[in-house]
Every structure is written in C-alpha cells, then in structure tokens.
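Worksheet for the structure shown next.
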Amino acid sequence: MKCPFCGYSESKVIDSRPAEEGTTIRRRRECLSCQRRFTTYEIVERMPLVVIKRDGSRQSFDKMKLINGMLRACEKRPVSLNQLEQIADEIEQELQSGLEREISTVNIGEMVMSRLKDVDEVAYVRFASVYRSFKDINTFMDELAKLLSDK
C-alpha cells in the first residue's frame, strides 16, 4: 500500500477492525519511511449482477429499486424500513451466492413475494397485484384464495 503522503510502498498495519456491519475491514497503517499514519479500507469485490427485465433489456442490480418497490407495497402498513432492508439484503446475498450472474425480474419478484407473505399479507397482495399485473377482480380473488388456503 503506497503512503498517500510520501509515496513509499511499504507500510505496517497498526490496527484492523470490521467496519460497515462487517462488510469492510478498516486498517490503520504507518508508513515505514515517513512514519505518518493513514487509514485504508478493504472490501470484498463482488461480481456484478445483471437483471433481465420483462422486455428483454438488461441493467445492473440495484438494491434501492428493490427496497423502493417494497416500500410502495408496504405504504401505511406496520412494516419498518429496517425489515425491508433486511429482506433486500437477504435477497441480494442469495443472488450473490448463486452461480448465475444474470437474474430475471420474475425470479426476483418471486423472492420478494415469498418474504413479504411472511411479513405482511396486505403488502404481499399489493406487491403481487403490480408484479403479476392483475387484470381484473377475478385474478385478484384467485390470489387471495391461494393466500387463504395456505393458512
């Protein structure tokens, strides 16, 4: 690691500790030439995830889009932002640990619905109505019937 002050390439680690909820390591270093101290961060390099949309277009996975979609479904419901962030983290972790680098929105939507069903049934139905494009009241009632039969 090059010293940001003198450019010398040798330094020693004085202190290491986890940062940002354990996803990063913060290291305090001391330059062996000028003895000045500086901080570096070490993060895991993740392979980019690509989402295949219904129209066939592709874009990078964006966890904030996932959270925003769930927020709309959970509007005026007793579901905390913390719960939605946890769901998004679980989904992202599951996608990252899989072998596929390209994931369809269909798969992501199913993952969201399975988790929302356990958190809040009204939010689940709201999300499903947009995700599955309910065309009439009968499709909506079919989904409600499935939900009730699962109980």
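Being a predicted model, the structure only gives us computed values, none of them experimental.
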With the threshold set at 4.0 Å, does a side-chain nitrogen-carboxylate oxygen contact exist between Asp15 and Arg29? no

In plain terms, say whether Glu121 and Arg77 are close enough for a salt bridge, that is, a side-chain N and a carboxylate O under 4.0 Å apart. no

Minimum side-chain heavy-atom gap [X]-[Y] below 4.5 Å:
X	Y	result
Leu81	Leu71	yes
Arg115	Gln86	no
Ile67	Met64	yes
Ile103	Val51	no
Arg72	Phe127	no
Cys34	Cys3	yes
Cys31	Cys6	yes
Ile43	Ile25	no

If you apply the rule side-chain contact (heavy atoms from CB on, under 4.5 Å), what do you find for Phe38 with Glu30, and how did you get there? CA-CA 6 Å; Phe38 57 98; Glu30 184 177 298; over 6 Å; no

Looking only at atom types and distance, does a side-chain atom of Arg36 sit under 3.5 Å from a main-chain N or O of Ser33, one as donor and one as acceptor? no

Looking only at the side chains, is there a donor atom on one of Arg27 and Thr39 sitting less than 3.5 Å from an acceptor on the other? no

Any chance you could lay out the side-chain contact (heavy atoms from CB on, under 4.5 Å) test for Arg28 and Val13, step after step, and finish with the verdict? CA-CA 6 Å; Arg28 279 299 282 164; Val13 176; over 6 Å; no

[atom1]-[atom2] distance between [X] and [Y], expressed to the nearest 0.5 angstrom:
X	Y	atom1	atom2	value
Asp120	Gln83	CG	CD	8.5 Å
Gln93	Asp89	CD	CG	8.5 Å
Arg26	Arg17	CZ	CZ	5.5 Å
Tyr124	Met113	OH	CE	5.5 Å

side-chain contact (heavy atoms from CB on, under 4.5 Å) for Cys74 and Leu116? Distances and angles first, verdict last. CA-CA 9 Å; Cys74 295; Leu116 278 181; 4.0 Å; yes

Nearest atoms (heavy-atom pairs only) where Leu95 meets Arg101: O-NH2, 3.9 Å

Can you tell me if Lys63 has over 12 outside heavy atoms packed within less than 6.0 Å of its NZ? yes

Hydrophobic cluster membership, Val106 vs Ile87, 4.5 Å side-chain cutoff: yes

Please check if Phe5 and Met1 belong to a single hydrophobic cluster, counting links between Ile, Leu, Val, Met, Phe, Trp and Tyr side chain heavy atoms closer than 4.5 Å. yes

Leu84 and side-chain contact (heavy atoms from CB on, under 4.5 Å): which single residue from Val112, Val119, Val79 fits? Val79

Table please: side-chain donor-acceptor pairs of residues 52-61 below 3.5 Å, with sequence neighbours left out.
from	atom 1	to	atom 2	distance (Å)
Arg54	NH2	Tyr131	O	2.6
Asp55	OD1	Ser57	N	2.9
Asp55	OD1	Ser57	OG	2.7
Arg58	NE	Glu102	OE2	3.2
Arg58	NH1	Gly56	O	3.4
Arg58	NH2	Glu102	OE1	3.2
Gln59	OE1	Lys65	NZ	2.6

